[in-house]
Amino acid sequence: MADLAGKVVVITAAAQGIGKASALAFAKTGATVHATDINETLLAELAKTPGIKTRKLDVLNDEAVNTAFAEIGRVDVLFNCAGFVHSGSILEMKDGDLDFAFNLNVRAMIRTIRAVLPGMLERGDGSIVNMSSVAGAGKGVPNRFAYGVTKAAVIGLTKAIAADYVGKGIRCNAICPGTVESPSLQDRMHAQGDYEAARAAFIARQPMGRLGTPEEIADLAVYLAGATYTSGQAYNIDGGWSI
Ligand code: NAD
């Protein structure tokens, strides 16, 4: 595995959950981490960690993305972690939800990749890690239409980038987690009314009998960033959900 010390890593949606755990994990490797998010209050906590620089960045905004990457300069590793979970079947979903899900879960990755790829190609080296999900990419999950459609699209996007640039030093892989303990998962559990019943149902769908931790997913992000002989792959990390 490549040594990440001295590498420049940019992470989107890094203020909490998997993105935050990844910022901390990458910082431990000796990389310089740019932790970006829209939540400046939460980012401020991360800024105290050596090796982590924080920056407000809304990945829905083309101009903001281009400005941020121009200012950051060289990027060796891009971890596209931003994403949002909508509930509902195809008949329940609002069209606006699908548009928003495509914009955040898919288009935002296209924005950031377009911003970093020319520099990576110039140096003939770069690793891109995209956040997908077992939901949609690996299996159909009830009540997750917009989420499943867009997370499946992330796999297509990942493989297309990998295929176009595999001979030019660029690697692009995707992470497909199962159910992971994070602030937004907490929100989804509370939103169902009976928190304990919702939590038990989420745990029940994980054959390992527990939720994943953000740190477990962060370890895979670090591994893929430095995995020099793999590209175009989607890695399930899901407590056995997809077995
Ligand atoms: P989370 O949902 O708790 O946090 C999301 C973060 O994204 C927040 O800090 C928020 O401020 C930030 N954000 C929202 N809109 C943004 C924007 N426009 N620009 C920049 N940042 C923005 O974190 P999580 O649950 O760890 O999820 C992270 C990623 O992992 C998502 O893509 C999610 O779909 C994926 N994922 C999560 C799970 C899970 O069970 N938690 C499972 C599979 C995949």
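Each ligand, and each atom within it, is numbered from 1 in the order the structure gives.
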Return the closest protein heavy atom for [atom] as residue, atom name and distance.
| atom | answer |
| --- | --- |
| atom 30 (O) of ligand 1 | Met131 CG, 3.3 Å |
| atom 11 (O) of ligand 1 | Asp37 OD1, 2.6 Å |
| atom 24 (P) of ligand 1 | Ser182 OG, 3.6 Å |
| atom 41 (N) of ligand 1 | Val180 O, 3.1 Å |
| atom 7 (O) of ligand 1 | Ala13 CB, 3.3 Å |

With the threshold set at 4.0 Å, does a side-chain nitrogen-carboxylate oxygen contact exist between [X] and [Y]?
| X | Y | answer |
| --- | --- | --- |
| Lys20 | Glu215 | no |
| Lys94 | Asp99 | no |
| Arg74 | Glu122 | no |

So is [X] polar-close to ligand 1, meaning N/O to N/O under 3.5 Å?
| X | result |
| --- | --- |
| Gly17 | no |
| Lys151 | yes |
| Gly19 | no |
| Asp58 | yes |
| Leu185 | no |

Apply salt bridge (charged side-chain N to carboxylate O under 4.0 Å, His left out) to residues Glu71 and Arg55 and explain how you reach the verdict. CA-CA 11 Å; Glu71 286 174 9; Arg55 169 187 288 270; 2.9 Å; yes
If hydrogens are left out, which of [options] has an atom nearest to [atom], that is, the closest non-hydrogen atom?
| atom | options | result |
| --- | --- | --- |
| atom 4 (O) of ligand 1 | Lys56, Gln16, Glu40, Gln186 | Gln16 |
| atom 38 (C) of ligand 1 | Ser133, Gly178, Ser132 | Gly178 |
| atom 21 (N) of ligand 1 | Leu104, Leu60, Ile38 | Ile38 |
| atom 33 (C) of ligand 1 | Tyr147, Phe202, Phe84 | Tyr147 |

With a 3.5 Å distance limit and no angle check, can you tell me whether [X] reaches the backbone of [Y] through a side-chain donor-acceptor pair?
| X | Y | answer |
| --- | --- | --- |
| Arg205 | Ala201 | no |
| Asn130 | Ala174 | no |
| Arg107 | Val59 | no |
| Asn173 | Gln233 | yes |

Just checking, is any N or O donor in the side chain of [X] or [Y] under 3.5 Å from an acceptor N or O on the other one?
| X | Y | result |
| --- | --- | --- |
| Ser87 | Tyr147 | no |
| Gln206 | Thr179 | yes |
| Ser89 | Glu92 | yes |

Which residue, Asn103, Thr12, Asn61, forms the side chain to side chain donor-acceptor pair (under 3.5 Å) with Arg111?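 Exactly one option meets the side chain to side chain donor-acceptor pair (under 3.5 Å) with Arg111, and it is Asn103.
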Taking Arg199 as the fixed residue, which of His190, Gln192, Glu181 is the one that meets the side chain to side chain donor-acceptor pair (under 3.5 Å) rule?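 For Arg199, the side chain to side chain donor-acceptor pair (under 3.5 Å) check succeeds only for Glu181.
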In ligand 1, which numbered atoms sit nearer than 4.0 Å to a non-hydrogen atom of [X]?
| X | value |
| --- | --- |
| Thr179 | 40 (O) |
| Cys81 | 28 (C), 29 (C), 31 (C), 32 (O) |
| Pro183 | 3 (O) |
| Leu57 | 19 (N), 20 (C) |
| Ala15 | 9 (O) |
| Ser184 | 1 (P), 2 (O), 3 (O), 25 (O) |
| Ala82 | 32 (O) |
| Ile18 | 26 (O), 30 (O), 37 (C) |

Taking the inter-plane angle between the rings of Phe26 and Phe79 on a 0 to 90° scale, is it parallel (under 30°), tilted (30 to 60°) or perpendicular (over 60°)?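 Taking Phe79 first and then Phe26, their aromatic rings sit tilted (interplane angle of 30° to 60°).
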Val59 near ligand 1 by a heavy-atom separation under 4.0 Å: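 A heavy atom of Val59 does come that close to ligand 1.
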